[in-house]
Engineer: 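For reference, the structure I am asking about is given below.
Indexing begins at 1, ligand by ligand and atom by atom, following the structure's order. From a predicted model like this one, the values you see are computed outputs, not experimental measurements. Atoms considered below: every heavy atom in the structure, side chains included; atoms not considered: hydrogens, waters and symmetry mates.
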Amino acid sequence: MKHTMREHFSMELRAIKMLHGVSPKFFPIVTINNTLAALLPYVTVFFSAKVLSELATQRRPEVLWKWVILTALTTGILAILSAFFKEREETLLDDIWGRKEILFCKKAMSMDFADADRQETRDLRAQIAQNENWSGLGLMYAAIVYKEMVKGVIGILGGVALTVNLFAIPVPESAGNLRILNSPLLIFLFAAVLIGVSMLAGFLYGKVADYTNRLTRDATFGNRVFTYMCTFPFAKNNRLDIRIYNQQPLISRAYSDNNAVFSADGSFGRAARGPMGLCSALAVSISAVTTGFIYVFTCLKAWAGAFDVGSVTQYVGAATALAGSVYAMLEAYGDMKANTEHLATTFRYLDMPNAMYQGSLTTEKRADRNYQVEFRNVSFKYPGSETWALRNVSMKFQIGKRLAIVGENGSGKTTFIKLLCRLYDPQEGEILLNGIDIRKYRYDDYMGIFSIVFQDFQLISQSLGSNVAGSVDYDAQRVKKALTDAGFGPRLESLPKGLDTQLYKDYGEDGIEVSGGEAQKIAIARALYKNAPFIILDEPTAALDPMAEAEIYAKFNEISGDKTAIYISHRLSSCKFCDEILVFHQGAIVQQGTHEALLSRKDGKYAQLWNAQAQYYTK
Ligand code: ADP
């Protein structure tokens, strides 16, 4: 996609502002360091010209001393300052690599769940990370471009200041034909050639950047394969599979087949031997031509008597550095252009709107927990899916009751819960809380009334207490009670560090590993600690045998108190104690009632499922 110059600059500026937000010292240091770096060559040129002039003319020792000492002092101080700031810049550059991840982390945590869950979103994030890993393209590149631009601008200003006199001082009348060097037209032509050649070199460099950019897709794919294949053997579950199924050749083969992009015969190698390499070589060689022009013009003026030999050094040095700065500036512009597309991708991710946060009503905190929830003709398809995961679902919740949702795998039970908690919005129908569409409530407020333990819940490598409370600070007594209610009490007693025990060993050897059953109890304690009016168990016990599951559900019934509890299971025996049972089948509610009432309908889905499962259970 083509972008305008304005877009290149505005995206660059926005990226700089964002990076400045996460690392406020970085850009001031980069500015100082690169101003110094750009000025240093001119300082050397200026002082050596003074020394040479004196040597070539009056040779006064006291003047020579003065210039030599000044040269040594100035270049020495500048070099020390430059080394100091360069070191700071490099440290901050490393630091900002990590810090900019904060921007992505915050976004990943705050975007709508439905967006976070979409494959497209994950692909977009992966693409941004791959562009960055392959050559820093994206936010980091904006920092590099800024650095190059500071160097270019200061280089041009310094160069102009030191070369003005090359054009301004005329050759004397006595110079005969060489007086043509005073002609404004010639001076203009000379300057035009100088700038033209630098621009041509810059343009050629832009071509190289374009080629590199076009190859980025190949490179990022290569990196993707590399990252996947080279980290695959380290993951816990894969270590086992690799050995049991002898997967080594499969992995090595996939790696060498797909990662050829960086080899000598890969797309990069071919481009470097072909047009990309040619452009690059031409850019460097025509820059050398500029130096030749500068020498001829300057020496002719000195020959004609416009200035002395010292000034020749100054003008040649300064004009060469000036041409180099013009080239560097164009190079930076080429890099900025090449980066725009990647910044656009980055901003597409960071700017994803939060459509779900638009509600404004608060969910009143009702002491009586009298929340009425109703589904009215709700239908839902997952993004990118053609089939309805739920179709025409209508039901009303009895507050404070125990509700069970049963049905075969894939019948829509979890989807129903995800819609109830507004992780997704339905395409048709509406869900009402106390008679008002849930989309009208403040999203975080609405989330506050649910505690859910999903089947694929995750605990975090933090202390046990923080896991239960979901925060660093917590009420230790309440956490202990929640853990005890969830059946984790005896295990908690056995832990010397109690609630401060670190879960898992990601951060060190003193973390503990917990079994699947223990993890489940901690997850249930987390739901209890939140103390929300609705508490939902979505088959967190699927890994347990039916008897153990039934036991947990029955215990949960006891501890969930006056909350509205919803149990989901494809095992009917776990839920038979519930006040009301909803039977899901192919995305619809096909039956509703108590266990006894449902069982008495011999031809119903419930009775059919019950009879199929009954052989496994002792009733
Ligand atoms: P259950 O909880 O009863 O096992 P689900 O509600 O998880 O069933 O799934 C209902 C249907 O929706 C299934 O056909 C399933 O394949 C589909 N489904 C579930 N999650 C997703 C998803 N994230 N994207 C697309 N389809 C999904």
Engineer: Which of the atoms of ligand 1 are close to T415, meaning less than 4.0 Å from one of its heavy atoms?
Structural biologist: 5 (P), 6 (O), 9 (O), 10 (C)

Engineer: Got the closest protein heavy atom to atom 7 (O) of ligand 1, with its distance?
Structural biologist: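 Going atom by atom, the protein heavy atom closest to atom 7 (O) of ligand 1 ends up being T414 CB, 3.7 Å.
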
Engineer: Which residue supplies the protein heavy atom nearest to atom 13 (C) of ligand 1, what is that atom called, and how far is it?
Structural biologist: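 Checked against all protein heavy atoms, atom 13 (C) of ligand 1 sits closest to G410 O, 3.8 Å.
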
Engineer: Is the shortest distance from a heavy atom of G407 to ligand 1 less than 4.0 Å?
Structural biologist: no

Engineer: Is it true that R422 and E430 make a salt bridge, defined as a side-chain N closer than 4.0 Å to a carboxylate O?
Structural biologist: no

Engineer: Pick whichever of S569, G412, G384 has a heavy atom sitting closest to atom 8 (O) of ligand 1.
Structural biologist: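 Comparing heavy atoms across S569, G412, G384, the nearest one to atom 8 (O) of ligand 1 lies in G412.
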
Engineer: What is the nearest protein non-hydrogen atom to atom 27 (C) of ligand 1, stated with its residue, atom name and distance?
Structural biologist: Y382 CD1, 3.1 Å

Engineer: Under a 4.0 Å N-O cut-off, is there an ion pair linking D351 with R14?
Structural biologist: yes

Engineer: Under 30°, 30 to 60°, or over 60°: which ring-plane class applies to F113 and Y424, parallel, tilted or perpendicular?
Structural biologist: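 It falls in the perpendicular class, over 60°.
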
Engineer: Run the salt-bridge test on R491 and E518 with the 4.0 Å N-O cut-off and return the result as yes or no.
Structural biologist: yes

Engineer: Look at the rings of Y606 and W610 and say which category their plane angle falls in: under 30° parallel, 30 to 60° tilted, over 60° perpendicular.
Structural biologist: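 Ring orientation of Y606 relative to W610: parallel.
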
Engineer: What about A389: any of its N or O atoms under 3.5 Å from an N or O on ligand 1?
Structural biologist: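 There is no such contact.
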
Engineer: Look at D437 together with K440 and state whether they make a salt bridge at an N to O cut-off of under 4.0 Å.
Structural biologist: no

Engineer: So, 4.0 Å and heavy atoms of E408: is ligand 1 close enough to count as a contact?
Structural biologist: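 The answer is yes, since E408 has a heavy atom less than 4.0 Å from ligand 1.
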
Engineer: Say you draw a straight line from OG1 of T415 to OH of Y382; how long is it, rounded to the nearest 0.5 Å?
Structural biologist: 3.0 Å

Engineer: Counting only heavy atoms on the protein side, is anything nearer than 4.0 Å to atom 19 (C) of ligand 1?
Structural biologist: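 Looking at atom 19 (C) of ligand 1, one finds that a protein heavy atom does lie closer than 4.0 Å.
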
Engineer: If you measure from each heavy atom of S385 to ligand 1, is any distance below 4.0 Å?
Structural biologist: no

Engineer: Pull out every atom of ligand 1 sitting under 4.0 Å from any heavy atom of N409, numbered as shown with elements.
Structural biologist: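 Every atom of ligand 1 under 4.0 Å from some heavy atom of N409: 4 (O).
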
Engineer: Hey, which atoms in ligand 1 end up nearer than 4.0 Å to a heavy atom of K413?
Structural biologist: 1 (P), 2 (O), 3 (O), 4 (O), 6 (O), 8 (O)

Engineer: Is it true that E596 and K576 have a side-chain N and a carboxylate O under 4.0 angstrom from each other?
Structural biologist: no

